[in-house]
2 protein chains.
Amino acid sequence: MATHSHDTSLAGLTRNQSLVMGALSGASAPLSAYAILDQLREAGVRAPLQVYRALDKLVELGLVHRLESLNAFVACRHAGCETHDITAFTICEQCGKVAEVTDSKLAGQLEEIARRQGFRATKSTVELRGLCKQCQAAASVA
Amino acid sequence: MATHSHDTSLAGLTRNQSLVMGALSGASAPLSAYAILDQLREAGVRAPLQVYRALDKLVELGLVHRLESLNAFVACRHAGCETHDITAFTICEQCGKVAEVTDSKLAGQLEEIARRQGFRATKSTVELRGLCKQCQAAASVA
DNA sequence: ATTTGTCATGTTATAAGGTTACATATTGTG
DNA sequence: CACAATATGTAACCTTATAACATGACAAAT
């Protein structure tokens, strides 16, 4: 029998969540919530909230990251990765490509900074904007 | 007679710039561009653009920082500080207080991460969200 | 099988953040 | 003075995000 309504396809995700996840997985650069919305209109998604709610959940599950300096979202590339503690992102301003880096020394350094102040961090944002290797090469040709 | 138009008061700043700088300097927590606008209406500032233009310049001068995870702005606390390269921020979600930290080990680690990828960074965002020391103490009482 | 609780959905309207385009004024410099 | 460069003012607009409220789907317990 057909599982009506909530068809998940990706374990445990609801329809809207898997639509949003699919859009992000298929993208080569971060997508804004509204870009996702536009892309999913023909699949029946009509309102910003449907996208934002799905994004909230996906971020909570660690399947998607929000890039604060871009107000946009990317699918997590660390397949089944569990260590979602502290991730740094490099974001190419030319081609939009994003790389995720987890680095224990960086994590340690951030913890140290917090500790020195008696600050209890619950979330961290580390984003580097600039040019990726490929785009630097392309630029130097021009 | 009143100095019409560009009175700077803080070296080299135009009227709008020093109004915005004043608003941020007097605040104990980050202000959004629109909060600044509201606060400066009686001083004759009417449109968002006037605030954004001033903010752009102040950020460029290193007198103000933008907090990406908050879409808000703070006055730089490092008085005449020249080393505006890489700054980390701790942001208390309870009281709004922000601390600026410059740490050469952190800077080194970020450079290392970029170098490994051949990434050329032009701008960095490092923000820790959580509870400051005081607010932790207050919370543990409740 | 209805109740009840919980979570996801759908929709409208609106708040908050930020930019484009264009006209005007100021000011410093040759 | 004249001119370029920079700062200003204003309106309209676009993008990003949330509030408020009603509905639907399903599980577990009666």
Side-chain angles (χ1 to χ4, degrees), chain A residues 1-21 23-24 29-61 63-74 96 125, chain B residues 1-21 23-24 29-61 63-74 96 125:
Chain A
M1 72 69 222
T3 72
H4 63 188
S5 86
H6 294 184
D7 188 347
T8 64
S9 76
L10 278 147
L13 296 185
T14 67
R15 171 177 160 78
N16 283 351
Q17 287 161 13
S18 63
L19 283 170
V20 169
M21 192 66 210
L24 286 173
L31 296 178
S32 74
Y34 279 72
I36 294 170
L37 175 57
D38 286 344
Q39 200 173 312
L40 295 182
R41 267 190 221 282
E42 59 179 28
V45 179
R46 296 170 200 199
L49 251 196
Q50 298 176 270
V51 174
Y52 280 108
R53 289 203 272 232
L55 285 170
D56 282 351
K57 181 56 89 173
L58 292 170
V59 167
E60 187 187 321
L61 294 174
L63 297 173
V64 164
H65 297 290
R66 175 188 182 108
L67 300 174
E68 302 284 354
S69 70
L70 238 40
N71 293 327
F73 302 82
V74 282
T125 299
Chain B
M1 139 242 152
T3 72
H4 61 191
S5 86
H6 295 184
D7 187 347
T8 65
S9 75
L10 278 146
L13 297 185
T14 66
R15 170 174 162 79
N16 284 351
Q17 288 160 15
S18 64
L19 284 170
V20 169
M21 191 66 209
L24 286 172
L31 296 178
S32 74
Y34 279 70
I36 295 170
L37 176 55
D38 286 343
Q39 200 173 311
L40 295 182
R41 266 189 221 283
E42 60 179 29
V45 179
R46 298 172 198 199
L49 196 46
Q50 298 176 269
V51 174
Y52 281 109
R53 288 200 275 231
L55 285 170
D56 282 351
K57 181 58 85 174
L58 293 170
V59 167
E60 188 187 321
L61 294 174
L63 297 175
V64 164
H65 298 291
R66 175 190 182 109
L67 299 174
E68 301 285 355
S69 70
L70 237 42
N71 292 328
F73 301 81
V74 283
T125 299

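The sequence lines fix the lettering, A, B, ..., with proteins before strands; numbering per chain opens at 1. Everything numeric here is computed off the predicted structure, so don't read it as measured data. Keep in mind that the numbers below use all heavy atoms, side chains included, and drop hydrogens, waters and symmetry copies.
Among residues two or more places apart in sequence or in another chain, the side chain to side chain contact (heavy atoms under 4.5 Å, CB included) test is passed with B:Gln39 by B:Ala23, B:Leu31. Under the salt bridge (Lys or Arg N to Asp or Glu O under 4.0 Å) criterion, B:Glu42 pairs with no residue, sequence neighbours left out. By the side-chain hydrogen bond (donor to acceptor under 3.5 Å, both in side chains) test, B:Asn16 is found to be paired with no residue, residues two or more places apart in sequence or in another chain being considered. Residues that satisfy the salt bridge (Lys or Arg N to Asp or Glu O under 4.0 Å) test with A:Asp56, not counting sequence neighbours, are absent from this structure. For B:Arg53, the side chain to side chain contact (heavy atoms under 4.5 Å, CB included) partners are B:Leu49, not counting sequence neighbours.
The CE atom of A:Met21 sits 19 Å away from the C1' atom of C:dA8 (whole-angstrom rounding). The separation between A:Ile36 atom CD1 and D:dA17 atom P is 10 Å, rounded to whole Å. A:Leu31 places its CG atom 11 Å from the P atom of D:dT16, with the value rounded to the nearest Å. Across the protein-nucleic acid pair, B:Phe73 atom CZ and C:dA16 atom P stand 16 Å apart, rounded to whole Å. The CG atom of B:Leu55 sits 12 Å away from the P atom of D:dT8 (whole-angstrom rounding). One atom, CD of A:Glu60, and another, C1' of C:dA8, lie 13 Å apart when rounded to the nearest Å. Summarising the geometry, the separation between OH on A:Tyr52 and C1' on C:dA16 is reported as 11 Å, rounded to the nearest angstrom. A:Leu13 places its CG atom 15 Å from the C1' atom of C:dC7, with the value rounded to the nearest Å.
Between C:dC7 and A:Thr14, no contact under 4.0 Å exists linking OP1 or OP2 to a side-chain N or O. The side chain of A:Ser32 places an N or O atom within less than 4.0 Å of a non-bridging phosphate oxygen (OP1 or OP2) of D:dT16. Here B:Asn71 reaches the OP1 or OP2 of C:dG18: one of its side-chain N or O atoms lies under 4.0 Å away.
Picking from C:dT9, D:dA17, D:dG9 the nucleotide with the shortest atom distance to the side chain of A:Asn16 gives C:dT9.
Side-chain atoms of A:Asn71 and A:Ser32, non-hydrogen and from C-beta on, never get closer than 4.5 Å to each other. Under the 4.5 Å side-chain criterion, counting only non-hydrogen atoms from C-beta, A:Val20 is not in contact with A:Leu13.
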Could you go over nucleotides 11-14 of chain C and give all protein N or O partners under 3.5 Å, atom names and distances?
| from | atom 1 | to | atom 2 | distance (Å) |
| --- | --- | --- | --- | --- |
| C:dT11 | OP1 | A:Arg46 | NH1 | 3.4 |

